[in-house]
Each structure stands twice: as structure tokens, then as C-alpha cells.
Amino acid sequence: MTKSATAEKPKKTSFFRGVKQEFKKITWPGKNDVFKQTVVVSIISLVVSLLIAGIDLLIKYGVQFLTNITI
């Protein structure tokens, strides 16, 4: 047999130990950072939604104007 066929499979517990060790390395943001980032995301979302709504209205009225033109 080949060497890989006789090699033992790593135990699942070693995988979960590795995951646990990696989770210990994570640094979570504080309440202040989360609040600031939430405010920034909310403002940017609002601005982008207003921009999209404005472009949509311009296109709507532009199409209506073009379809109402009589020659």
C-alpha cells in the first residue's frame, strides 16, 4: 500500500481546537466603533437611495416627455 493509504486521518477534535484558538485571536470592535460605523452606513445608504430615486424620476419624466411628443 502507499504511504497515504496507511496514514491516519486527523481527528475532528484537533480541527475544533484550531477553530477555538483562531476565535481567541479575534479582536471585536467596541460599542463606540460599532455606533460610528452604523451611523456612517445609514447615512451612505440614505444618500445612495435618494440618488437612485432621483435618477429614476428623471428617467421616468424623460420617457414620458419623449412619448408625448407629437410630430
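Note that the coordinates shown come from a computational prediction; the quantities given were computed from them, not determined experimentally. Index from 1, following the sequence.
- Using a 4.5 Å cut-off between side-chain heavy atoms of Ile, Leu, Val, Met, Phe, Trp and Tyr, with links allowed through other members, Phe16 and Phe23 fall into the same hydrophobic cluster.
- Linking Ile, Leu, Val, Met, Phe, Trp and Tyr residues whenever their side-chain heavy atoms come within less than 4.5 Å places Ile44 and Ile52 in a single cluster.
- In this view, Thr67 and Val63 satisfy the side-chain contact (heavy atoms from CB on, under 4.5 Å) rule, not counting sequence neighbours.
- Checked against Pro29 for a side chain to side chain contact (heavy atoms under 4.5 Å, CB included), the options Thr27, Asn32, Asp33 give a single hit: Asp33.
- Taking both residues in full, the closest heavy atoms of Ile26 and Trp28 are given as CG2-CE2, 3.5 Å, listed atom of the first, atom of the second, then distance.
- Under the 4.5 Å side-chain heavy-atom criterion for Ile, Leu, Val, Met, Phe, Trp and Tyr, Ile43 and Phe35 are members of the same hydrophobic cluster.
- Under the salt bridge (Lys or Arg N to Asp or Glu O under 4.0 Å) test applied with Glu22, the options Lys20, Lys24, Lys25 reduce to a single match, Lys25.
- The one candidate from Val41, Val48, Val47 that meets the side chain to side chain contact (heavy atoms under 4.5 Å, CB included) condition with Ser45 is Val41.
- Residues Ser49 and Leu46 share a closest heavy-atom pair of OG-O, 2.8 Å.
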